[in-house]
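Convention: sequence-line order gives letters A, B, ...; per-chain numbering from 1. Please read all numbers here as calculations on a predicted model, not as lab measurements.
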Amino acid sequence: MPETLVKKVCASVLATLALAVSSHAIAQNAGGTMVMIAQPEPPSLAPYLSTSGPIGLVAPKIYSGLLDYDLQLNPIGDLAESFDISEDGKTMTFNLRKGVTWHDGEPFTSADVQFSIMEVLKKFHPRGPNTFREVNSIDTPDELTAVFNLERPAPYMLRAFSAYESPIVPKHLLEGKDVREADLSNNPVGTGPFKFVEWKKGQYIRLDKNPDYWKKGYPLLDRIVARVIPDASTRTAAMESGEVHYGAFGAIPNVDVIRLRDFDEIGVTTDGYAMINPMALIEFDVTKPPFDSKAMRQAISLAVDRQFMIDNIWFGYGKPATSAMTSNYAPLGLYTPTANYPSTADVPAAIALLDAAGIKPDADGVRATAVIDLIPYGEEWRRVGEYLKQSLGDIGVKLELRYEDVPTWLKRVYADYDFSLNINYFYQLPDPVIGVQRHYGTDQIRQGTPFVNSARYSNARVDELLEAGAVEANADKRGAIYAELQNILADELPVVNLFEMEFLTVYSEKLKDHTVSAMGPYGSFDRAYLDK
Amino acid sequence: MSQTAQRSRYVLKRLLQAVPVVIAIVVINFFLLQLAEGDAVDVLAGEAGSATPEYMAQLRQKFGLDQPLLVQLGVYMKNVLSFDLGYSFRHDMPVAQLVLDRLMPTMLLMVSTITLAVGFGIVLGLIAASNLNNWRDTVISVFALISYATPLFWVGLMMIVVFSLKLHWFPTSGMENVAMFYEGWERVKDIAHHLVMPTLTLSLFYLALYTRLMRASMLEQADMDYVTTARAKGLTERRIVFVHILRNALLPVVTMAGVQVGSLIGGSVIVESVFAWPGLGMLAFEALFSRDLNLLLGIFLLSALLVVAINLVVDLLYSFLDPRIEVA
């Protein structure tokens with residue numbers, strides 16, 4: 001919807017509506033302390049420097065973005081009351097909300113927006129330089145208006161204004177300082193519904209209600225405490241005993257969730273991850289044998305039983321991948337199902353493909369041997385590796401598993417390129433320009449940088465399509481561009497996508513209205529309350 | 001020379017001797033940690049989701065990771081000698097502050113564990129030895145064997161299942177009830193309440209060890225000639241056990257306790273992890289996985305100092321327990 005022409009979103013109407021609907025909740029349910037799990041402990045509270053998951057859980061309660069997104073991914077106002085996009089798509093005007101103050105009492109103005117985007121996000125945010133690359137300058141004709149001047153239209157940008165993806169930070173506390181070293185990273189000051197109070201490292205982060213929050217009567221909670229609990233079994237026990245109310249991003253492992261979901265007082269949902277779109281996948285080194293062979297990679301994609309992995313390793317949560325891009329892009333018209341992506345294994349087809357390509361088995365039935373590296377982010381990935389070892393053995397690809405700690409693994413895969421196959425997962429995020437491009441573009445072969453094109457795949461046509469898709473404002477044309485892209489990627493398979501992951505949020509039934517926007521766990525929680 | 005003067009001279013001498021030892025420990029640790037693949041910048045960039053090569057090079061320069069190893073060591077030593085433990089880039093905080101924040105919970109857990117384990121270990125060992133081969137001895141020995149052989153994490157989790165989830169006697173985890181933010185006495189009670197299960201879990205293993213040690217030591221002393229002499233002098237059995245045997249039998253237990261206090265800091269990682277106890281063990285564990293070497297070195301240095309201090313205390317204790325052992 002927002003891609004086309006002049007659109008004005010009167011978000012304040014929506015906000016007022018929300019106020020009216022739940023005004024009874026304010027009276028009855030205000031107050032109380034919500035305890036959530038933040039695991040692992042965030043490295044800092046600087047969402048403008050890092051997109052680390054635990055930072056994303058805590059920071060959007062403190063910082064706000066220009067926009068928020070409803071469950072259908074439509075933008076709604078946050079710090080911006082409304083916005084206009086010019087006819088040619090090259091000027092975006094944000095009308096800011098009146099009377100918003102920072103937690104230290106300073107007024108929030110358009111200068112903060114200009115500073116946040118141009119001086120902080122565009123320079124220091126891991127994805128910011130890419131997201132805001134078309135932004136040449138931001139004008140501030142008055143305190144409540146910010147005008148973005150773009151080099152070329154950038155329709156994808158509209159989905160990147162959430163508090164998680166592009167937090168607006170206080171100019172008066174960062175200007176003239178080394179942004180990366182500023183005291184703000186451990187003492188955040190935002191405009192959001194909760195104020196930072198204290199961080200006991202290794203224990204908890206405490207946020208208290210912001211009494212001057214712009215949305216009158218909100219937030220409902222008095223306090224949010226984010227607790228660090230390293231052991232997964234203990235997290236489950238703490239949820240079961242009612243000591244914590246909320247655990248997102250698989251804080252409670254699926255194996256425990258299938259037990260907890262039978263409890264009356266505990267709820268489970270897969271909602272709230274639509275803006276994140278995590279995808280599990282196999283990365284190859286396509287520059288070296290045996291995985292420089294397209295037939296080999298296609299055979300692997302055919303030989304894996306995606307549904308089996310979902311059913312047996314993730315206890316039914318997930319969806320088989322059908323393309324290089326997530327099916328959650330379907331409402332945007334960007335998703336096309338492709339060939340070479342069966343949901344259950346087709347071993348005969350895979351073997352026929354290898355035979356036809358002249359990749360013959362030796363006397364022991366082995367066509368290739370390789371070491372497979374596994375993402376060290378939990379036991380499930382080890383199971384995935386064990387499954388692949390067995391299933392790829394069926395087509396004569398003999399695997400040896402390697403499981404290392406995070407720094408060793410990152411260095412091996414992204415700095416040294418010392419791997420053949422690597423199990424990983426990527427966030428595809430709300431738009432392919434933000435989440436998918438980094439995987440396939442030639443300019444994304446950046447040695448030493450994690451989570452980019454480690455396959456070192458390079459295809460001139462793919463590069464062209466990625467470029468064209470980023471600046472195409474017409475939804476139909478854009479869909480056609482990405483359809484061609486997906487078909488090329490499904491044929492060449494520099495990366496074999498396995499399944500669209502479904503993260504689980506486990507919560508106490510007493511906690512209401514926690515998943516009310518597309519940002520889910522990365523939301524502000526201003527409407528959340530504890531039912532008494 | 002008076003005994004007090006002799007003691008203080010001894011303490012001073014031992015402290016001076018400890019300086020080169022501590023320096024050697026720092027240097028060895030420094031080089032050992034370099035053996036791990038990857039550095040803090042790799043981890044930070046990995047967590048951040050992505051980063052440009054220029055950004056990563058800039059970070060390495062900022063952290064001084066682009067310098068030759070010997071220069072890095074030199075900078076670190078210079079800092080340490082001026083009582084500065086350096087800066088943790090991951091936490092964006094001085095190492096000293098991070099470590100001191102965690103010292104209190106660690107000491108709490110350590111002191112309560114050692115007290116419980118040594119105290120009950122001595123009593124149980126004593127009971128077992130004085131009831132050699134009857135049912136009391138058998139019960140205590142079997143208990144010691146089982147608790148020695150049971151993995152700590154399993155004991156911890158079972159405690160949580162039984163005492164938190166089924167009986168609701170204790171909280172599952174943490175050092176205090178974070179939803180309440182108690183003050184004053186209420187807070188002390190709250191922390192004590194949270195301390196029970198981690199302490200029990202961690203002491204169980206050590207308790208078994210001290211029980212067995214005490215039992216063996218008592219039995220060994222009971223065969224000595226001085227015991228026969230004491231008996232011949234007509235002393236009561238009670239006096240022989242508590243005054244003569246016990247004092248001598250305690251020495252190996254004290255030695256062992258001294259050695260183990262050091263290992264308790266690192267050895268409590270599992271218990272800290274299971275009960276989300278914010279101690280130094282867990283901090284060291286996380287520092288290792290994020291390649292936060294300044295922080296890790298700081299923790300190592302602190303534990304080295306702690307071990308030196310405790311060994312000194314143990315040596316002094318010897319001379320109190322057995323006046324024949326002289327400090328010099």
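Counting heavy-atom pairs closer than 4.5 Å to chain B, the top-ranked of the candidates A:Val228, A:Thr33, A:Thr234 is A:Thr234. For chain A, the option among B:Asp42, B:Val274, B:Asp292, B:Val43 with the highest count of heavy-atom pairs below 4.5 Å is B:Val274. Ranked by heavy-atom pairs under 4.5 Å with chain B, the list A:Lys411, A:Arg180, A:Arg223, A:Gln203 is led by A:Arg180. Your options are A:Pro230, A:Gly53, A:Ser233, and the one with the most heavy-atom pairs under 4.5 Å with chain B is A:Pro230. Among B:Leu283, B:Val41, B:Thr172, B:Leu98, the residue with the largest count of heavy-atom pairs under 4.5 Å with chain A is B:Thr172. Taking A:Arg206, A:Arg235, A:Gln447 one by one and counting their heavy-atom pairs under 4.5 Å with chain B, the maximum is reached by A:Arg206.
Interface residue A:Ser241: backbone and side-chain heavy atoms are both found under 4.5 Å from chain B. With a 4.5 Å cut-off on non-hydrogen atoms, A:Glu198 touches chain B through its side chain but not through its backbone. Contacts of A:Glu41 with chain B are made by both backbone and side-chain atoms, with heavy-atom separations under 4.5 Å. Contact annotation for B:Ile160: only side-chain heavy atoms (C-beta onward) come within less than 4.5 Å of a heavy atom of chain A. Only the side chain of A:Leu410 comes within less than 4.5 Å of a heavy atom of chain B; its backbone N, CA, C and O stay farther away.
In terms of heavy atoms, A:Pro450 sits closest to B:Met56 at CD-SD, 4.0 Å.
The number of heavy-atom neighbours closer than 6.0 Å to NZ of A:Lys510, taken from other residues, nucleotides and ligands shown, is 12 or below. Within a 6.0 Å sphere centred on CZ of B:Phe153, heavy atoms belonging to other residues, nucleotides or ligands number 12 at most. When the shell of 6.0 Å around CZ of A:Phe124 is examined, it contains more than 12 heavy atoms from other residues, nucleotides or ligands.
Among the residues in residues 88-96 of chain B, those with a non-hydrogen atom closer than 4.5 angstrom to a non-hydrogen atom of chain A are B:Arg90, B:His91, B:Asp92, B:Met93.
In this structure, A:Lys200 and B:Pro278 have side chains that are not in contact, with every pair of non-hydrogen atoms separated by 4.5 Å or more. Residues A:Asp231 and B:Leu157 form a side-chain contact, since some pair of their non-hydrogen atoms from C-beta on lies under 4.5 Å apart. Within the 4.5 Å cutoff, the side chain of B:Arg291 has heavy atoms near those of the A:Thr408 side chain.
Remark: the backbone N or O of B:Ala276 is not paired with any side-chain donor or acceptor of A:Arg227 at under 3.5 angstrom. Checking side-chain atoms of A:Glu240 against main-chain N and O of B:Leu165 turns up no donor-acceptor pair under 3.5 Å.
One distance of note links NZ of A:Lys201 with CD of B:Glu286; it measures 10.0 Å at 0.5 Å rounding.
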